[in-house]
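Have a look at the structure below before the remarks.
The structure presented is a predicted model; accordingly, all values stated were derived computationally and were not measured. Proteins come first, then strands; the chains are lettered A, B, ... in the order of their sequence lines, and each starts at number 1.
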Amino acid sequence: MSELIADIAVNAPLKQLFSYLVPAEMVEKVAVGKRVKVPFGRRTSTGFILLTRQGSSKGLKKISTLLDEEPLLTPELITLLRWAADYYCHPIGQVIRNALPAGLGSDKTQTRILYEPVYRLLKREPLPRGQKQQELLKLIAEEEKTPLSRIRQEFSTPHSSLNRLVEQGYLEVCEQEIQRDPFLYEKITEDKCLTLNNDQKNAVKSVSDSLEKNSFSPYLLHGVTGSGKTEVYLQSVEKCLNLKRQALILVPEIALTPQLVARFRARFEPKGSKLAVLHSGLSDGERYDAWRRINRNEVDIVIGARSAIFAPLSRPGLIIVDEEHETSYKQSEGFRYNARDLALVRAQQQGCTIVLGSATPSLASYYRSEQGSLQRLELPQRVHTGNLPQVELINLAEEESSQTLANPLIEALQNTLEKREQAMLLLNRRGFAPFLLCTDCGTSFHCPNCEITLTFHQRERLLRCHYCDYAEPPKEVCPNCNGGNIEPEGAGTERLEQEITELFPGARIARMDRDTTSRKGAHQRIVDKMMRREIDILIGTQMIAKGHDFPGVTLVGVLGTDNLLNFPDFRAAERSFTLLTQVAGRAGRATGKGKVFIQTYNPEHYSLTCAAEQNYADFYQLELPFRQELGYPPCGHLVHLVLAGNQPQQVKQQAEQLAEQLFSIATNVEVLGPSPCPLAKLRGKTRYQILLKSAARSSLRSMLADLEALSKNIPGGVGLSIDIDPVDML
DNA sequence: AGCACGCCGACT
DNA sequence: GTCGGCGTGCTC
């Protein structure tokens, strides 16, 4: 006998779907994308209906309740999520949970819909007597409906007056669902299109033509720093909206600033388009509300960070991935997806135009553009000045003293201060010193949980592990030799800040790194001060290179370059080039008179010389042969396996066994390892890695299918994590 | 992930 | 004697 069966993704870390019988009374209302409660083992769980079909119900349990009137997931989104779960070897239930705002996918916390009173004007005459009442009426008359929260922004205690106005029939009050939107009441001034140069025009033209075709069209927009990519995005979005389709804009979390959002709102809201913002700074409630507005089809433009790739837009026409080279598009824990790659998949599945934009494209994307699977659009000119900054490489081997700052950079800083211009110093290492060293016996201090030296933080008087939360006070006496000569070695941003303060006592100095920006809004406060020119010298880690255009900056100094170049990863050269090009591009954006100093022991390195010239094409030509030779991406594909557990012996043995088994079945795949991870111990767990490398994705995929079976034999004390297309392998 | 079953150490 | 430690096995 054939009955209606639903295949359901259950909220559990399991890869397969589970089939349930749809009870007769539910047959009418059951639909793909709705949530259900189902009996699961000895408990009940929530799940999502991903498929319905006719079939035999023998041995199946029944769905107990249907939770939604309307589906939460569209068929298009389900297609994307199933594709992602399969590709990234991750349980579908957890993939869905990642795609939804907190509360919708889990069994526990339910984010609630909030309601608040909303006031509506019924009459203004005769004018009420109280002055406060008159002012309230004036405010409420501005909009069709005025929520209490809006009134509270202007009046501290509005209640008694409001109640009187309602009693006297001036106002009507009703309950309305609250939109928790932190940007809702910000003042917006209309922003007009800028005039484009020819390169920008060509780019917009190509994208517009593709939008009209309504089919998958992938672009790589390669524009040097300051070449006006955002204006190309804005005008492309406008075209997309005119064609009555929606736009999705992905931006790295750190670049998703109020200014960026304001620019989009200023451009599109006066024309009646609705915009939603999705990012991690929102509260659960705010994110939930934004998501629901999108799901109800009330939004034309979505701007968001990584997870916004799963925004439930029903008719997206254009997807933009800004700063597509950014590694933060890759989620590095749990469901390890890459939003940039999924953006291409989604665009393909839904027939969208997609624009990947960057001044320094990932090698992967540029390679695709060379192969023809992305169409490249070039913006080689800066819009304001045409001048790229002048870059000087300082050879530290030729510098006499071993001070943190080389003399030419000190002079340049002095000069910049005198001209009342701004400077930025990049040092990609936070804290005071990377380690403390006993100068008598050479002892240094390590994290007990992670195999790494502890970084000294002077202000806190603490040794901190940058990979777990461990911290301890520094020792006065060496535990090994009882000597008292323990010295901080090397320099981090904190030490640099101190040295700069001593060197330039009159200067206004600020530091921006994870330590000074951990509190909410702290990052933005520093950015705002920098914008208002209340800072002369900004010191920071790579976050100063990202997402901001400070027009007053004419000098950029880069320290610690060699740490970047020597990083133990095949992408070290690419990372260095990208970071240096980006940070160099911060200098002289407004005036065209930017100056950049890069301190290094490797002044001949192509990452540096190419960055100095902002010459992407040369860098690509020099880097690609290395990748080709070793079969690394983009010329080959990688899967990174990590085994981790509390017992070092057991982890090692399991890793060896797994590698052996994989090796014996490998066809067309190189099995490298096992070897201890670069972070051999992390948060108390011993870690071993195995790297799978192949020229053909299909070979890797068939090996992963076998891995599925092999991993069942790994005992509970050892965890296996699978990272497809890894971005970092620490 | 839960939640059970199951088989060994220190407690009223 | 049993309360509870967490190993391992299963979930339509």
Side-chain angles (χ1 to χ4, degrees), chain A residues 1-27 30-67 73 78 81-82 84-86 88-111 284 331 333-337 642-655 657-658 683-686 707-723:
Chain A
M1 191 173 96
S2 183
E3 288 165 291
L4 189 62
I5 311 292
D7 290 335
I8 288 169
V10 164
N11 185 15
L14 298 163
K15 285 173 190 169
Q16 75 273 42
L17 298 181
F18 291 83
S19 302
Y20 286 85
L21 172 65
V22 180
E25 71 276 12
M26 230 180 264
V27 166
V30 103
V32 162
K34 291 185 181 180
R35 283 174 310 163
V36 288
K37 283 250 178 264
V38 289
F40 191 62
R42 291 163 194 82
R43 71 209 141 104
T44 66
S45 180
T46 40
F48 286 82
I49 302 174
L50 297 194
L51 209 80
T52 57
R53 60 191 167 85
Q54 291 295 127
S56 160
S57 68
K58 87 167 156 30
L60 301 188
K61 294 184 181 176
K62 278 196 282 190
I63 294 174
S64 29
T65 37
L66 190 61
L67 292 173
L73 301 172
I78 290 172
L81 294 169
R82 293 192 73 177
D86 182 49
Y88 290 106
C89 299
H90 203 75
I92 179 70
Q94 293 185 355
V95 169
I96 292 173
R97 196 141 32 118
N98 266 274
L100 296 176
L104 279 179
S106 73
D107 294 300
K108 300 187 196 95
T109 53
Q110 277 288 342
T111 308
D284 283 354
Q331 180 146 81
E333 253 161 12
F335 171 32
R336 297 165 173 266
Y337 66 99
V642 174
L643 290 101
N646 293 322
Q647 281 128 33
Q649 237 52 48
Q650 190 193 25
V651 177
K652 181 164 190 256
Q653 189 249 320
Q654 287 299 319
Q657 188 184 322
L658 184 62
R683 292 179 204 101
K685 300 210 182 224
T686 300
L707 177 65
E708 186 70 19
L710 292 174
S711 66
K712 294 205 167 74
N713 302 324
I714 297 172
V718 178
L720 169 69
S721 90
I722 303 172
D723 191 352

Output all residues satisfying side-chain contact (heavy atoms from CB on, under 4.5 Å) with [X], sequence neighbours left out; order by chain, then residue number.
| X | value |
| --- | --- |
| A:Glu708 | A:Lys15, A:Lys712 |
| A:Arg336 | A:Lys330, A:Ser721, A:Asp723 |
| A:Glu333 | A:Arg683 |

Enumerate all atom pairs, one protein N or O and one N or O from nucleotides 7-12 of chain C, separated by less than 3.5 Å.
{"unit_1": "C:dT11", "atom_1": "O3'", "unit_2": "A:Gly41", "atom_2": "N", "d": "2.9"}
{"unit_1": "C:dC12", "atom_1": "OP1", "unit_2": "A:Tyr20", "atom_2": "OH", "d": "3.3"}
{"unit_1": "C:dC12", "atom_1": "OP1", "unit_2": "A:Pro39", "atom_2": "O", "d": "3.2"}
{"unit_1": "C:dC12", "atom_1": "OP1", "unit_2": "A:Gly41", "atom_2": "N", "d": "3.4"}
{"unit_1": "C:dC12", "atom_1": "OP2", "unit_2": "A:Lys61", "atom_2": "NZ", "d": "2.6"}
{"unit_1": "C:dC12", "atom_1": "O3'", "unit_2": "A:Ser19", "atom_2": "O", "d": "3.0"}
{"unit_1": "C:dC12", "atom_1": "O3'", "unit_2": "A:Lys61", "atom_2": "N", "d": "2.7"}
{"unit_1": "C:dC12", "atom_1": "O2", "unit_2": "A:Ser19", "atom_2": "N", "d": "2.9"}

List, one per line, each side-chain donor-acceptor pair under 3.5 Å for residues 57-67 of chain A, sequence neighbours excluded.
{"unit_1": "A:Ser57", "atom_1": "OG", "unit_2": "A:Glu3", "atom_2": "OE1", "d": "2.6"}
{"unit_1": "A:Lys61", "atom_1": "NZ", "unit_2": "A:Gly41", "atom_2": "O", "d": "3.4"}
{"unit_1": "A:Ser64", "atom_1": "OG", "unit_2": "A:Lys37", "atom_2": "O", "d": "2.8"}

Fill in: For A:Tyr337, all residues meeting ring pair (Phe, Tyr, Trp, His ring centres under 6.0 Å), sequence neighbours excluded
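In terms of ring pair (Phe, Tyr, Trp, His ring centres under 6.0 Å), with neighbours along the sequence ignored, A:Tyr337 is linked to A:Phe310, A:Phe335.
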